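Remarks on the structure that follows.
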Amino acid sequence: MKLRISLLCVFLGFLVLFLSPPSMAKFVVEKNSLTVTSPDNIKGTHDSAIGNFGIPQYGGSMAGNVVYPKDNKKGCKEFDEYGISFKSKPGSLPTIVLLDRGNCFFALKVWNAQKAGASAVLVADDIEEKLITMDTPEEDGSSAKYIENITIPSALIEKSFGGKLKDAISNGDMVNVNLDWREAVPHPDDRVEYELWTNSNDECGVKCDMLMEFVKDFKGAAQILEKGGYTQFTPHYITWYCPQAFTLSKQCKSQCINHGRYCAPDPEQDFSTGYDGKDVVIENLRQLCVFKVANETKKPWVWWDYVTDFQIRCPMKEKKYNKKCADAVIESLGLDIKKIERCMGDPNADSENPVLKEEQDAQVGKGSRGDVTILPTLVVNNRQYRGKLEKGAVMKAICAGFEETTEPAVCLSSGKCLLSFGSAKRN
Ligand SMILES: *[C@@H]1O[C@H](CO)[C@@H](O)[C@H](O)[C@H]1NC(C)=O
Ligand SMILES: *[C@@H]1O[C@H](CO)[C@@H](O)[C@H](O)[C@H]1NC(C)=O
C-alpha cells in the first residue's frame, strides 16, 4: 500500500534515527528489467521495482504472457468470485497478471493472483512518480498468514508503461514480456560480500519470527560458503540515538546505553514491564562483538552458531535473555569472553562506543546501496535484496552475485535441491 519506512514508525515518539534528515535519506529501489517482446509497437526495455515479498528469480528470467483481468482489476478480491483463472494451458507461456495499484495491500493483490494461477504480477502505479518498493503491510495476524505463502515474484511498473500494456491488450494484441533478474545483483568477481541487518530481539511479532527462522535455516549454507572462502558475510545491527534534551528522561534511560547514544525500541512497547530497549542494544552489541572476535580468529562463521544457540537457549519468553545465558553460549563455543567484554566496553560510560558508532555510520547508504530503513535487510554485493527472507530465495540472490563460472558447487546443486525443497513445502 505504501512505502514502508518501518523502523521510523516503530519507534516510540521522540527518538530519532541517527541519519541525515529524512529529506536527505536515500532509499534506493532495487530493479529488475522488463522487456516487452511483442507487440512490435511497444517493444523495449523498462525498469520495474521488485516487490519485497514473494520470490524474485535472482539470476534468472521468466518469459510470460501479460493478462489484464476484465474484473477485479485491482486484485483486492479473490478472482474465483469472478470466475477468472490465470492458469496457463500446457505448452503455453506462464501468465503474468497486470493489476492496478490501490484499495488494498500490494501483497494481497499478489496473493489473490497467485491463488488464481498467476506466475508473476505487475502492478501498474496509479500516479506518475518514481518507482517505489512494494513492501508488506505492518504485521497484523491476517496478512501474515498469506504473505508467508507468496511464492511468485512481483514488480511495480510506471503508470504510463502500464497504460501502454493495457492499450495493447484491449486492442487484442498478444502481449509478451520477459522479466529479467540477472542484473539485479552485481557479479563482478568470485567472492560475494553480503550483510544481514538483523536484531537479537525475539519478541517483535511476525518480522522477528521470520528473521529467526531464516537465520536458523540459512546457517548451514552460510557456513559452507564462508568456510570455503566464497563469501564474506558481515552482520549489522541498527541503533538509534536519543535527542540530547531527553537523555535523562525515563524513556531514554530504559531504551538506551552510553547516555542516550545507542537505543532500541522497548520489546513490549511498555517501559514498565519485561525487557527494555537497552537490553536489546546490549545483546545486539554482544552479537557484534562475538562476530568481531570470531572474525579476528579467522572463524567468522561462529557468529551463526552463537545467534542460533542464543535464540534457542536464551529466549525472552523464558526470561533468559541476559548476560549469564549469553556467557554460557559464548563459553560453549570456545570464544574468549574477556575479549568480547573488552569489545563491548562500558554501557554506562558517557562516551562513544566505537563498535556501535561504526554501525550507525554504516546505516547510511553508500554508492549503489540506499540507507537501510527496513529491518531485516539483506545486502548482496552492496545491493539491497528484495523478496522473501527465505533460504532458497536468498541462495538465488547470493549465487547470482558470482562472476559467471565461479559459482561454488553449492550454487549449482542447490538450485535443484532447493527447488524440490521449496515445492515440497508448498504443495
Ligand atoms: C499457507 O501454507 C501453509 C502450508 O502449506 C498452509 O497450512 C496455510 O493454510 C497457508 N495459508 C494460507 C493463508 O493459505
Ligand atoms: C573480518 O576479517 C577480515 C579479514 O580477515 C577483514 O577484512 C574484515 O574487515 C573483518 N570484518 C569486520 C567487520 O571486522
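Predicted model only: the values in this text are computed from it and were never measured. Both counts, for ligands and for their atoms, begin at 1 and track the order of listing. Basis for what follows: all heavy atoms, side chains included, without hydrogens, waters or symmetry-related copies.
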Checklist entry - Aromatic ring centroids of Y275 and Y321 under 6.0 Å? => result yes
Checklist outcome for this item: Per the under 4.0 Å non-hydrogen criterion, ligand 2 touches Q232, T234, F291, K292, N295, K298
Checklist entry - How would you list all residue pairs meeting ring pair (Phe, Tyr, Trp, His ring centres under 6.0 Å) that involve residues 385-412, not counting sequence neighbours? => result Y58-Y385
Next on the checklist: Strictly under 2.5 Å separating the two SG atoms? Check that for C252 and C263, please.
Outcome noted: no
Next on the checklist: A cation-pi test, strictly: NZ or CZ of K391 under 6.0 Å from the centre of the six-membered ring of F214 and no more than 45 degrees from its axis. Yes or no?
Outcome noted: no
Next on the checklist: Does any N or O of ligand 1 fall below 3.5 Å from an N or O anywhere on N149, backbone included?
Outcome noted: yes
Next on the checklist: Check C242 against C256 for me: are their SG atoms closer than 2.5 Å?
Outcome noted: no
Checklist entry - Mind checking whether H236 and W197 have parallel, tilted or perpendicular rings, split at 30° and 60°? => result parallel
